[in-house]
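One structure is given here, and the rest of the page talks about it.
Convention: sequence-line order gives letters A, B, ...; per-chain numbering from 1. What you see is a predicted model; the values in this text were computed from it and never measured.
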Protein chains: 2
Amino acid sequence: MKRIADSTVRRLSVYLRFLEGSSQRGLTTVSSAELARHGGTTSAQVRKDLSFFGSFGKRGLGYSVPELTNSIRDILGLGREWNVVIVGAGKIGTALAQYDGFRPRGFHVVAVYDTDSGKVGTRWDGIVVRDFSQVARDLASQPIDIAVLAVPAEGAQDAVRRLVDAGVKAILNFAPVQLKVPPDVAVRSVNMAMELEGLSYELSSRAR
Amino acid sequence: MKRIADSTVRRLSVYLRFLEGSSQRGLTTVSSAELARHGGTTSAQVRKDLSFFGSFGKRGLGYSVPELTNSIRDILGLGREWNVVIVGAGKIGTALAQYDGFRPRGFHVVAVYDTDSGKVGTRWDGIVVRDFSQVARDLASQPIDIAVLAVPAEGAQDAVRRLVDAGVKAILNFAPVQLKVPPDVAVRSVNMAMELEGLSYELSSRAR
DNA sequence: ACATGTGAACTGCTTCACAGCG
DNA sequence: CGCTGTGAAGCAGTTCACATGT
């Protein structure tokens with residue numbers, strides 16, 4: 001199958017959010033123009049994005065909210081539960097472990113890991129902090145789909161090596177480093193300092 | 001001046017990080033090939049990125065580490081301090097307030113805001129939690145460059161309206177909504193649920 | 001000899017515009 | 001008639017390849 005652009009997948013997430021809101025407000029159909037307005041794009045872009053995966057609309061009418069919702073859920077692989085572990089029980093790690101935007105979308109945080117023996121064994125919101133050195137053993141019994149990396153920059157690449165060795169195939173990286181992974185492992189990075197630098201650049205370049 | 005692509009600015013951040021590391025390891029020059037290897041790109045891309053802003057290298061030699069470091073810092077607007085406020089003293093907000101990757105890069109967190117009167121007045125790491133309803137008054141006396149938005153989705157657009165009214169020109173958004181802002185306000189969004197959905201998509205599409 | 005800087009070619013995402021169908 | 005679905009055109013970002021300077 002043809003490779004889908006990252007930007008397209010991101011927009012599908014945005015459309016899905018709007019559809020869920022529309023459903024709650026009792027709407028039964030939406031047009032590509034409405035989806036576009038709320039997604040910050042154009043109606044042609046919306047239709048093109050969807051066309052990669054099929055024909056979901058009715059000409060002259062628009063899209064059925066529940067049908068399109070289900071289709072996008074399917075496309076994004078949200079028709080199942082994903083097991084997630086968080087690596088690093090520091091400030092960001094614990095904030096993420098307690099964040100409740102994950103569960104309603106099928107991302108189930110099953111464990112938090114840390115190397116600090118002082119933290120191991122404690123519980124956050126019912127989730128145990130486990131010893132990271134045991135991660136390979138744990139994953140052998142309970143399969144993990146996604147690892148969220150919330151460790152300091154220094155330890156990040158090493159943690160990734162161990163996760164990849166243990167069979168993890170997807171990583172969401174919060175450490176401010178460019179991770180190196182085998183081609184069969186998917187990585188997304190969120191780098192807050194880098195985002196602030198982007199804003200700094202914009203503010204500066206506008207002043208010129 | 002010509003509009004610079006977002007992707008270029010992001011890569012400059014990556015180069016800068018590598019340069020700072022190189023400096024610490026005592027290197028005095030780097031080639032575009034080295035920068036490329038660590039930034040996950042190609043040497044031609046590195047040279048093209050830099051060429052938008054000037055000629056920083058020496059043919060046959062490469063780039064002087066301290067000179068290029070300073071040049072990129074300048075380009076990104078990091079030659080000064082930026083005042084940052086965090087809006088929302090929940091889990092993510094407090095984690096961000098205490099995150100110490102900001103200060104070394106010139107981003108100074110001067111206040112945390114919340115609407116919950118129970119939180120107002122408390123201190124986190126020496127930073128006071130202030131009443132968000134006073135934000136306009138506060139900004140009149142102390143100028144703010146960047147607001148980091150860490151509030152629930154419901155309140156995000158309203159918080160943005162008040163920040164924009166108070167004169168804020170740059171927002172880093174952690175709320176899972178598509179913000180609407182005037183064209184002179186810069187926004188970057190970090191949406192963790194959306195990143196997980198991207199990974200979910202990749203895992204699913206590979207399985208097919 | 002070596003590595004930069006840059007026009008030119010290329011690739012791929014976005015926008016246009018209209019045929020097709022309810 | 002309205003809105004989708006989609007080839008074709010347009011545009012932007014990346015890669016190529018080489019002239020240029022040290």
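Look at A:R105 and A:E81 and you find no salt bridge, because none of the NZ, NE, NH1 or NH2 atoms lies under 4.0 Å from a carboxylate O.
Using bins of under 30°, 30° to 60° and over 60° for the plane-to-plane angle, the ring pair B:Y113/B:F132 lands in the perpendicular bin. A perpendicular orientation is assigned to the rings of B:F53 and A:Y201, their planes being inclined by more than 60° (bins at 30° and 60°).
With a 4.5 Å cut-off on side-chain heavy atoms, A:R73 and A:L19 do not count as touching. For the pair A:W82 and B:L199, the minimum side-chain heavy-atom distance is 4.5 Å or more.
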key: Base versus backbone protein contacts along nucleotides 12-19 of chain C [heavy-atom cut-off under 4.0 Å; B, S, -]   = -SSBBB-B
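Taking the 5' to 3' direction, DNA chain D first and last meets chain A under 4.0 angstrom from a heavy atom at D:dG2 to D:dA8.
Computed from coordinates, the B:L50 CG to C:dG5 P distance equals 7 Å when rounded to whole Å.
Residue B:R80 places its CZ atom among more than 12 non-hydrogen atoms of other residues, nucleotides or ligands, all under 6.0 Å distant.
Using a 4.0 Å heavy-atom distance criterion, B:S43 is classed as making no nucleic acid contact.
Defined by atom type and a distance below 3.5 Å, a donor-acceptor pair is missing between the side-chain atoms of B:S189 and B:N191.
Close to C:dG22, at under 4.0 Å from its OP1 or OP2, lies no side-chain N or O of A:Y63.
Each of B:G62 and A:L61 was matched to the nucleotide of DNA chain C holding its nearest heavy atom; the match closer to the 5' end belongs to B:G62.
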What donor-acceptor contacts under 3.5 angstrom involve side-chain atoms of residues 161-172 of chain A, with partners at least two apart or in another chain?
| from | atom 1 | to | atom 2 | distance (Å) |
| --- | --- | --- | --- | --- |
| A:R161 | NE | A:D158 | OD1 | 3.4 |
| A:R161 | NH2 | A:D158 | OD1 | 2.7 |
| A:K169 | NZ | A:D184 | OD2 | 3.4 |

